[in-house]
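Working notes, structure below.
As the structure lists them, so they are numbered: ligands from 1, and atoms in each ligand from 1.
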Amino acid sequence: MSAWRCAAQDWRRGKGLALRLCLLLSATLVLCLRLGLRRSWAGVDAKPAVTERESGLPPAGRRVHGANEASSAGRRRQVTYVRSGRRRSPAEPTCCLQGAPPRRKTIRWHIDLQPWASPTPSLSDEAFRLLKYISTAQISCNRMNMKDLPRNLDSLKRPWSVCLDDRFNLVHQIKSKQCRLYSLGLGSDDNQFEISMADSGCEVHRFDPSIKLAHVQEGQHLWYHRLSIDWRDPNPMIAAHKLHTNTKKLGTILNDFGHHKIDVLKADMESAEWKILENLILEDTVEQIGQLVFEIHVHWPGFEVSGNDSTVVRYWYSLLKELELKDFRLFHTYKDLSKPQMFLKREAFNASSCYRLSWVNTRWK
Ligand SMILES: *[C@@H]1O[C@H](CO)[C@@H](O)[C@H](O)[C@H]1NC(C)=O
Ligand SMILES: *[C@@H]1O[C@H](CO)[C@@H](O)[C@H](O)[C@H]1NC(C)=O
């Protein structure tokens with residue numbers, strides 16, 4: 001359908017009609033591409049796909065070896081917006097080119113809400129269901145944390161727990177030095193977990209918008225990136241240099257860095273965790289993650305979570321059930337008694353405002 005082929009045909013046949021048809025078709029094609037671009041800007045069914053060649057990043061699967069490399073790659077990066085359902089799929093034709101529509105996953109817009117906890121919705125029923133859920137491990141893990149690693153994380157008061165049972169992949173990844181941890185945080189200086197994982201040979205990427213430099217490497221395995229993880233990408237119509245913060249979805253960062261999977265995702269995001277988790281579920285990014293270690297916050301609904309209190313709690317519960325449907329199992333839960341004991345601005349239900357939860361992806365190979 002390219003213009004030159006049309007022109008060649010036209011020349012051969014010498015018919016003005018064909019030329020006009022070709023021009024019309026080319027114009028339609030341009031229009032279609034533009035519409036595709038608009039739609040992807042609106043977030044419809046599209047995600048920005050940075051192709052390897054355009055991004056100037058190392059090929060998929062290869063690791064980013066140094067801070068400089070990553071930062072210059074970031075500067076050179078040009079984003080092409082193509083509509084594609086699957087991550088890392090080559091740029092598919094956008095619209096109305098071939099007869100058959102391109103195959104793609106159905107994109108989910110929202111998570112499936114669980115039924116109310118009781119026939120008449122009430123906050124206490126929703127709260128008790130959620131609190132029971134987050135206090136009950138679903139699978140037992142016999143070896144948690146790093147007894148055989150350089151630093152003993154058990155000695156920390158508020159542990160971040162990962163599961164090192166033989167039947168899960170993490171311990172093998174650590175032994176073969178193939179493990180990768182992403183840590184999302186907001187300026188907390190408690191980096192013991194990250195340092196310990198890096199000491200054990202994991203490649204650790206800590207994303208923290210509060211650091212001074214764009215990328216900092218500390219030691220052999222620990223990187224800091226001045227990037228904030230969000231549940232949406234910035235509007236591509238705003239030039240990158242006008243954005244004050246560098247905010248991206250986790251899936252976009254995986255693409256940019258050429259990483260296919262993360263063995264452990266740690267998140268301590270002061271209530272942004274709910275929408276981030278939703279984004280990971282809706283875009284299937286969770287399937288690229290082996291274990292999740294999240295601090296969750298329940299003292300207020302969280303960013304961009306709306307509805308009355310029972311609705312909010314039902315939404316939280318439904319998010320966690322989505323993880324269960326994807327074969328994630330809770331193996332550790334920790335109620336933080338050092339934080340205010342608040343649940344949706346109330347001192348009620350014997351709840352804390354803050355819990356640390358760890359899941360293992362039982363499908364993870
Ligand atoms: C909260 O909102 C839901 C849905 O809009 C409604 O069904 C429910 O009765 C409301 N609950 C309370 C306690 O107002
Ligand atoms: C309240 O929570 C604490 C700490 O988790 C627990 O020890 C205690 O038994 C709970 N109290 C009730 C009444 O459930």
Side-chain angles (χ1 to χ4, degrees), residues 108-145 152-163 188 190 192-193 231-232 266-279 281-282 291-325 328-360:
R108 295 176 65 197
W109 284 95
H110 55 80
I111 58 153
D112 298 325
L113 287 179
Q114 294 292 316
W116 293 101
S118 51
T120 322
S122 80
L123 177 59
S124 59
D125 288 334
E126 296 305 317
F128 284 128
R129 177 171 70 170
L130 177 82
L131 292 168
K132 187 171 174 214
Y133 191 85
I134 62 176
S135 311
T136 315
Q138 297 163 335
I139 199 169
S140 70
C141 174
N142 299 318
R143 285 179 62 224
M144 257 183 283
N145 293 339
N152 185 352
L153 292 182
D154 289 329
S155 63
L156 297 175
K157 276 206 197 87
R158 301 192 299 140
W160 295 96
S161 298
V162 290
C163 185
S188 124
D190 169 23
Q192 287 304 304
F193 178 70
W231 49 95
R232 55 189 163 205
K266 174 196 159 188
D268 183 1
M269 292 297 286
E270 305 304 334
S271 295
E273 68 276 2
W274 295 112
K275 290 298 279 187
I276 290 172
L277 190 58
E278 183 190 65
N279 170 255
I281 290 165
L282 292 179
Q291 297 193 16
L292 293 174
V293 191
F294 268 51
E295 184 160 289
I296 61 155
H297 300 87
V298 295
H299 54 291
W300 71 296
F303 303 97
E304 292 186 22
V305 177
S306 58
N308 61 29
D309 286 347
S310 353
T311 305
V312 167
V313 182
R314 180 195 188 196
Y315 164 77
W316 288 341
Y317 177 74
S318 304
L319 271 176
L320 304 184
K321 288 298 276 188
E322 291 263 1
L323 277 182
E324 192 180 331
L325 282 173
F328 278 77
R329 295 291 178 267
L330 200 56
F331 64 85
H332 187 250
T333 93
Y334 173 79
K335 177 180 177 184
D336 194 339
L337 296 173
S338 72
K339 297 282 174 71
Q341 303 296 291
M342 301 285 280
F343 189 88
L344 291 173
K345 302 187 176 127
R346 299 167 176 79
E347 275 182 48
F349 313 122
N350 196 24
S352 170
S353 58
C354 178
Y355 293 78
R356 283 189 183 175
L357 307 176
S358 305
W359 290 265
V360 59

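- Set against the non-hydrogen atoms of Ser310, the atoms of ligand 1 under 4.0 Å away are 11 (N), 13 (C).
- Gln138 and Tyr133 share a donor-acceptor pair across their side chains, judged by distance under 3.5 Å alone.
- Among all heavy-atom pairs drawn from Tyr315 and Leu113, the shortest one is CA-CD2, 4.0 Å.
- Side-chain atoms of Leu292 and Leu357, non-hydrogen and from C-beta on, never get closer than 4.5 Å to each other.
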Could you list each N/O atom of ligand 2 together with any protein N/O atom closer than 3.5 Å, one pair per line with the distance?
residue: ligand 2; atom: 2 (O); partner: Lys335; partner atom: NZ; Å: 2.9
residue: ligand 2; atom: 2 (O); partner: Asn350; partner atom: OD1; Å: 3.2
residue: ligand 2; atom: 2 (O); partner: Asn350; partner atom: ND2; Å: 2.5
residue: ligand 2; atom: 5 (O); partner: Lys335; partner atom: NZ; Å: 3.1
residue: ligand 2; atom: 11 (N); partner: Asn350; partner atom: ND2; Å: 2.6
residue: ligand 2; atom: 14 (O); partner: Asn350; partner atom: ND2; Å: 3.2

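- Residue-to-ligand polar distances keep Trp116 apart from ligand 1: every N/O pair is separated by 3.5 Å or more.
- Close contacts of ligand 1 with Thr311, meaning ligand atoms under 4.0 Å from a residue heavy atom, involve 1 (C), 2 (O), 3 (C).
- Using the six-membered ring where Trp is involved, His297 and His299 have ring planes that are perpendicular, over 60° apart on the 30 and 60° scheme.
- Side-chain contact between Ser140 and Asn142: present, with at least one pair of heavy atoms (C-beta onward) separated by less than 4.5 Å.
- Here the side chains of Leu282 and Ile111 are in contact, with some heavy-atom distance below 4.5 Å.
- For Trp300, the side chain to side chain donor-acceptor pair (under 3.5 Å) partners are Ser271, not counting sequence neighbours.
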